[in-house]
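The block underneath contains the structure these notes are about, expressed in structure tokens.
In what follows, residues are counted from 1 in the order of the sequence shown.
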Amino acid sequence: MLRLLLKLLSFVTGQRLLTPEQAASQQLELNDLRSKQAALESLSSKLRSEMKRQQALAHEQLKETKSSHEQILSARQSEIDSLKESLGQLNQSVDIETQRQLKENNDLLSQLNWLSGTIAHDFRAPLRAIDAYSFFLADDLGENAPPEASQSLEEIRRNGKRMGVLLDALIEYLRLGVCPLNVQLHDLNETLVQVVNEHFDFSPVPIEIQVQGKWRFDKPMMMKAFKELIDNAVKFSKPVESPKVIIRQSSPNNLEIIDNGVGFSETHDAQKFQLFHRMHGNDEFEGEGIGLATAERIASRHHIALKLNRVGNQTVASLQLPERGSF
């Protein structure tokens with residue numbers, strides 16, 4: 001009867017009227033929604049608080065990181081400044097040392113020039129006199145000279161000329177030790193081919209070149225060193241059957257000049273690069289003990305290690321560049 005009356009009132013008033021059960025149910029739903037809304041607002045408040053806390057923590061960490069990085073950068077800058085100061089002092093020391101070495105080299109060159117002049121005039125004058133008077137004496141004696149006298153006079157003149165050669169070699173050896181270097185990058189094969197064409201074009205011993213690549217050196221000086229080493233190989237290879245000289249590389253930084261000549265005795269191993277030291281008698285091979293010493297002097301100026309070894313029936317002259325591969 002209540003429901004019918006509510007329907008009639010709803011129809012008359014145009015409004016929907018709820019029964020007490022419906023009103024109670026909707027009130028429960030409303031209370032539930034309000035509870036959920038309150039929970040959401042509480043959660044939102046907690047989230048805002050956590051976000052603020054995280055932002056504050058991040059800001060603090062960023063501040064600490066920035067401070068730490070600034071300290072590290074400051075320390076690195078101090079190290080850089082210290083290194084710059086050390087570098088400046090080192091450059092100053094290098095400049096001082098370079099100037100000192102230049103002065104020493106200039107002093108040596110001056111002494112060398114003085115010595116060259118002294119040898120050219122004071123030392124050579126007696127040699128020229130010995131040669132001239134020996135010639136005049138031989139001419140005065142003519143055909144009436146005893147054979148022993150003629151032979152002695154010839155020996156005097158020969159040794160006088162040999163002394164002149166030795167003096168020239170001494171001056172050149174000293175000059176090679178102090179003269180300035182013009183070091184540039186050069187093609188190794190072209191340089192060796194030029195040496196062979198200029199000095200060994202008519203060599204009775206075949207010379208084979210198997211090299212490539214480029215080295216840094218003073219070309220005129222290294223050409224002289226190559227010439228002396230190849231000349232040594234050719235000279236000692238002539239007496240053997242099927243002589244041959246091979247120039248090759250065991251590595252890009254190592255050059256070998258190999259011959260199958262007579263070689264040398266181990267007794268000469270310690271003195272083989274000494275100036276005027278001969279490893280064979282005058283009656284066996286020509287020479288004054290100058291070539292190997294000259295080559296070693298030039299190699300040393302370029303910080304190149306020169307070695308001469310007997311391997312089986314071959315003699316190997318090896319030139320080894322320093323670790324960096326260049327001078």
Side-chain angles (χ1 to χ4, degrees), residues 35-110 176-192 211-222 225-226 248-256 273 295-307 318-327:
S35 176
K36 289 180 179 179
Q37 183 179 5
L40 286 174
E41 289 177 354
S42 175
L43 180 60
S44 176
S45 176
K46 289 180 179 178
L47 287 174
R48 284 195 295 270
S49 298
E50 181 64 19
M51 287 180 62
K52 289 181 179 180
R53 190 182 71 82
Q54 291 293 338
Q55 287 177 349
L57 181 61
H59 180 73
E60 187 65 27
Q61 289 178 344
L62 180 62
K63 185 177 179 181
E64 292 178 358
T65 303
K66 182 179 178 182
S67 176
S68 175
H69 286 175
E70 287 177 349
Q71 291 177 0
I72 294 173
L73 288 174
S74 177
R76 293 290 184 271
Q77 187 62 46
S78 298
E79 291 179 4
I80 292 173
D81 293 340
S82 177
L83 288 174
K84 285 182 178 179
E85 183 179 356
S86 299
L87 181 60
Q89 294 175 354
L90 180 60
N91 287 335
Q92 185 177 5
S93 300
V94 169
D95 290 339
I96 293 173
E97 180 64 18
T98 301
Q99 292 296 328
R100 186 187 66 79
Q101 291 181 355
L102 285 174
K103 184 179 183 303
E104 288 182 356
N105 285 343
N106 289 331
D107 291 342
L108 286 172
L109 283 173
S110 298
L176 291 173
V178 295
C179 65
L181 298 178
N182 180 21
V183 177
Q184 296 182 20
L185 195 63
H186 297 284
D187 187 281
L188 198 54
N189 183 73
E190 289 181 2
T191 303
L192 287 164
V211 301
Q212 60 183 357
K214 294 183 178 182
W215 282 14
R216 289 178 57 82
F217 50 76
D218 182 293
K219 189 171 183 178
M221 288 185 69
M222 281 306 297
F226 290 146
R248 69 182 187 187
Q249 289 171 287
S250 61
S251 73
N253 293 338
N254 183 273
L255 178 72
E256 296 179 337
F273 293 123
E296 197 278 332
R297 184 82 157 183
I298 294 172
S300 178
R301 289 292 309 278
H302 290 77
H303 305 288
I304 296 174
L306 173 60
K307 297 181 180 179
S318 65
L319 292 156
Q320 176 68 48
L321 286 180
E323 288 289 331
R324 60 184 180 276
S326 63
F327 172 60

- prompt: Is the side chain of S300 donor-acceptor paired with the backbone N or O of E296 at a distance under 3.5 Å, no angle test?
  reply: no

field: Closest heavy-atom pair and its distance - L306, A299
entry: CB-CB, 4.1 Å

task: Can you establish whether the number of heavy atoms outside Q54 located under 6.0 Å from its atom CD is more than 12?
output: yes

- prompt: Heavy atoms, side chains only, cut-off 4.5 Å: are F217 and L188 in contact?
  reply: yes

For H302 against M221, the heavy-atom pair lying closest together: CE1-CB, 4.3 Å

- prompt: Is a side-chain N or O of S78 found less than 3.5 angstrom from the main chain of S74, in a donor-acceptor match?
  reply: yes

- prompt: Is it true that a side-chain atom of T98 and a backbone atom of V94 form a donor plus acceptor pair closer than 3.5 Å?
  reply: yes

query: CG/L255 to CZ/R248 distance, rounded to the nearest 0.5 angstrom?
result: 10.5 Å

task: Mind listing the closest non-hydrogen atom pair of D218 and P180 along with its distance?
output: OD2-O, 4.3 Å

query: Between S44 (side chain) and L40 (backbone), is there a donor-acceptor pair under 3.5 Å?
result: no

Heavy-atom donor-acceptor pair, S45 side chain to E41 backbone, under 3.5 Å: no

message: As an exercise, state the distance from CD of Q77 to CD1 of I72, rounded to the nearest 0.5 Å.
response: 14.0 Å

- request: Supply the atom-to-atom distance L83 CG to L90 CG, rounded to the nearest 0.5 angstrom.
  value: 11.5 Å

message: Let me confirm one number: the CD-CD1 distance from Q89 to I96, rounded to the nearest 0.5 Å.
response: 10.5 Å

- request: Would you please name every residue forming a salt bridge (Lys or Arg N to Asp or Glu O under 4.0 Å) with E79, sequence neighbours left out?
  value: R76

message: Going by salt bridge (Lys or Arg N to Asp or Glu O under 4.0 Å), name the residues that satisfy it together with E50, two or more places apart in sequence or in a different chain.
response: R53

- request: Sort out for me which residue in L192, T191, I304 forms a side chain to side chain contact (heavy atoms under 4.5 Å, CB included) with M222.
  value: I304

task: Give, for atom OG1 of T65 and atom NZ of K63, the distance between the pair rounded to the nearest 0.5 Å.
output: 12.5 Å

message: Pair Q99, D95 - check side-chain hydrogen bond (donor to acceptor under 3.5 Å, both in side chains), show working.
response: CA-CA 6 Å; Q99 292 296 328; D95 290 339; over 6 Å; no

query: Looking at side-chain heavy atoms only, is the closest gap between L321 and R216 below 4.5 Å?
result: no

field: N254 vs Q320, side-chain hydrogen bond (donor to acceptor under 3.5 Å, both in side chains): CA-CA, chis, key distance, verdict
entry: CA-CA 5 Å; N254 183 273; Q320 176 68 48; 2.8 Å; yes

query: What closest approach, in Å, do L176 and R301 show between heavy atoms, and which atom pair accounts for it?
result: O-NH1, 2.7 Å

statement: With sequence neighbours left out, the residues meeting salt bridge (Lys or Arg N to Asp or Glu O under 4.0 Å) with K52 are none

task: Measure the CE-CG distance between M51 and L47 for me, rounded to the nearest 0.5 Å.
output: 8.0 Å

- request: Step by step, work out the side-chain contact (heavy atoms from CB on, under 4.5 Å) result for E64 and S68.
  value: CA-CA 6 Å; E64 292 178 358; S68 175; over 6 Å; no

query: Any donor-acceptor pair under 3.5 Å linking the side chain of W215 with the backbone of P252?
result: yes

